[in-house]
Amino acid sequence: MHKTFWRFIDDNATFVAENPDKISRLYFPLANESGIMSSIAPNLHGNIKTGQHSFLTVPVSTEDLNNTMYNRNFWLYAEGRGAWSVAFGESDETLVEAGFLWHKVIKINKTLGIKVEVLNFIPAEDEPVELMSIEVTNVSKKKLKLTPTLAVPIYARSADNLRDHRHVTSLLNRIELNKYGVTVTPTMSFDERGHKINKLSYFVFGIQGNADLPEGGFPTLAEFTGEGGNLGKPEAVLKNKAPGKKSNVGSQGKEAMGAVRFKTLSIAPGKSMKYIAAMGVTESSPEKIFKKFNSSEKLNRALAFNKKYWVEKSQKVYFSTDDKDFDRLMKWVAVQPVFRKIFGCSFLPDFDYGRGGRGWRDLWQDLLTILLIHPDQARAMIINNFEGVRPDGSNATIIGKNQAEFIPDRNNISRTWMDHGLWPLVTLNLYINQSGDRDILFEKAGFFESDRIDTVLEHILAEHRRPFTKIGKHGNFLLEGADWNDGLDMARENGESVAFTAAYAGNLFDLASLLEKINYKKEIISDLLRKAEGLASHIRKDEWLKVKSGYSFFNGYYDNLGHRVEGDHKDGVRMTLTGQVFPIMSGVATDEQVDEIYRSAKQYLWDKRLKGFRLNTDFKEIQPNLGRAFGFSYGEKENGAFFSHMNVMLAYALYKRGFVREGHEVINSIGNMCLNTGISKIYPGIPEYFNSEGRGMYHYLTGSASWFLFTMLTQVFGVRGDMGSLAIDPKLMKSQFGKSKKISVNTTFAGKTIRVNYFNPDNLDYGEYKIGNISINGKAVKILPVKREEFFGLAGKALNIIDVQLV
Ligand code: G1P
């Protein structure tokens, strides 16, 4: 059993957390695919925005969630008892219930006799609005006279103005108090390089569930808090002041406040009252948007649609094993790549950096899952993304929300990440194998910052030619700006990444084999193989280390002084996980070397308390000739954390090489940390890393999610494409079957929904079983992989059952 502070309550992976307000830093994402993004914490903190320059509420970092007051709130003034709010009020019990993709907080205050349920979601119908429904119940034995006030501070500007011209930008605010609430339409958006006329309106509207209009509002922060008050002690509520009904000139050019006052009501014991709030950002009419949701009935309809929409997404690929928690966890993991498509690597509380958009490697890796769950959308996306490659094989590093928007670099610092050229082929290779669509190699695409147009294959070749023009003195590709590890960014001139030289060698082997399968020009194939073998034999021989203790592994890097990074050192053995993962994945490491590596990693990188591999050993000093990562304290982020992405890639590499027991140990180590939330303290999903205490950090937006799902499906369950045919190649351990001796995966293949059931009647372990009878919808299949035509012939149902006997 896993020790979680929440528990799953159904197969849709809905969960309930008891008193999650006792845990700091928790947040949950809400979003829709048109681009409105929110985060929400148990105290309703978090924020709402549509981009870097359009924050409805104040930008927040994780630390703000418990330490600042600029959040969503709902106040109740109880006659004779005083004021209480959902965000700040004491409660005897707090529950959070959340699912795809909604978040409900339930707070009970027994002294006041009130129970409040606040439900938030962003309608999947693509309106730029977050909806919030509030239900207040009298749980006391007496009648309560309550005056409710919705209270959401409206920031209405760019995150850049949080410090830069905070006051001056408030002068641009034009604030309107109307019958539903408050709209702010700043006159301009402030940018000293050239101010722009602003067209966006930011609004906070409210209505009673039975469609009764609010009494009025307090549209500025000053009116709401009063002189000397604050958001935690707002005079308007504490003194139960009468609200304004119309905008007045005194409201202009001020910090705005979405404070909406509702009618005072008496509620009998056991009775409830309901409210609806809408918080949005739009160039069109806020009223029009609000009218779609301004009654309990309309809101419930939108909620039902929303749930269905996201549940379907979470179940495009799902597993049914003996461990129900794990299966449900994977449903959250499956939607994380979609979250990153929406949020980029910015806009959740841990992700308080960047200005939106996604990095090049992130874009391609998220596509691994997106092409498994939406194969129909993948082709166009892939071809489009190749337009980010320059003729010299380098690429744009940021890709905007709009897929066609390529940006050379986030901060106008020109940098090349030496690993960037290899991710597109990893994704393309999966796509071609899944679909059999070899023609994509010969589709035409433009090049970034150039008029040249050429085939996808030419783009790939350019990406693999480039590193050969950047070879360091030890025969490996230069590290340049950094590699996968963004923190190795101080060895630009002479640093070398052996790790990613091995990865490129693997890609050259893969490309050669892909081209062989389509009978492409033999001289190109032999050139690729010659290059791949040259790199592989060099690494295998020259970079293989034996340390004094007798352990062996690969050196992964050279620093800017040309010094080898790994091996024996006066402060102890130095080793990186990255330096091992890519020689394994690429086939550069021999089987004997893989054995040795795993033993060494267990010795030097395994954290006995967290039971997982760290990214590196403790170098015990900063590395100004290698990178900023070593400036971080040990065990954090790129300096030796239990980093999910590298661990999942390790698992993938081990499975791919047939080291199933080891791969399984790594997969389990990650799953266990995600689920042992007594330590990792996160909601379901996989975080970027677990820090030295084991806390899950940078939750939701991580490339590890895509790799986790992809590894489980194509390696552990072994359901994958082989040039369009269906391969079935399970690498399952006995322990994964449990009592039922059967496990399954549901996925899509060739546009058909399939469920693959593995039966293991004799309880055999990996290595003991082989594949026996296979049938598709009851009809026997003789030869694997199942040819695409044969598959189409047999898989004509809405859900196609593939039964596989392990004997
Ligand atoms: C993050 C970045 C990724 C980078 C990695 C290591 O990892 O998004 O681009 O390679 O740090 O520096 P993620 O958790 O997304 O895999």
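Read the numbers this way: they start at 1 and go in the same order the structure lists the ligands and their atoms. Here the structure is a predicted model, which means the values were calculated and not measured.
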Quiz item: Any chance the side chains of D350 and T62 put a donor and an acceptor closer than 3.5 Å?
Solution: yes
Quiz item: Do D486 and R361 sit within salt-bridge range, that is, some charged N less than 4.0 Å from a carboxylate O?
Solution: yes
Self-check item: Charged N-O contact under 4.0 Å between R574 and E621
Solution: yes
Quiz item: Around K656, counting heavy atoms of other residues, nucleotides and ligands shown, do more than 12 lie under 6.0 Å from its NZ?
Solution: yes
Practice problem: Collect the protein residues that have a non-hydrogen atom under 4.0 Å from ligand 1 and hand them over in chain and number order. | Solution: R340, R361, D362, W484, N485, D486, E638, F643, H645, E688, T702, G703
Practice problem: State whether E480 and R466 are salt-bridged, where the test is any N-O pair (Lys NZ or Arg NE/NH1/NH2 against Asp/Glu carboxylate O) under 4.0 Å. | Solution: yes
Exercise. Please name the residue in the list W364, W360, F447 that meets the ring pair (Phe, Tyr, Trp, His ring centres under 6.0 Å) test with F386.
Key: W364
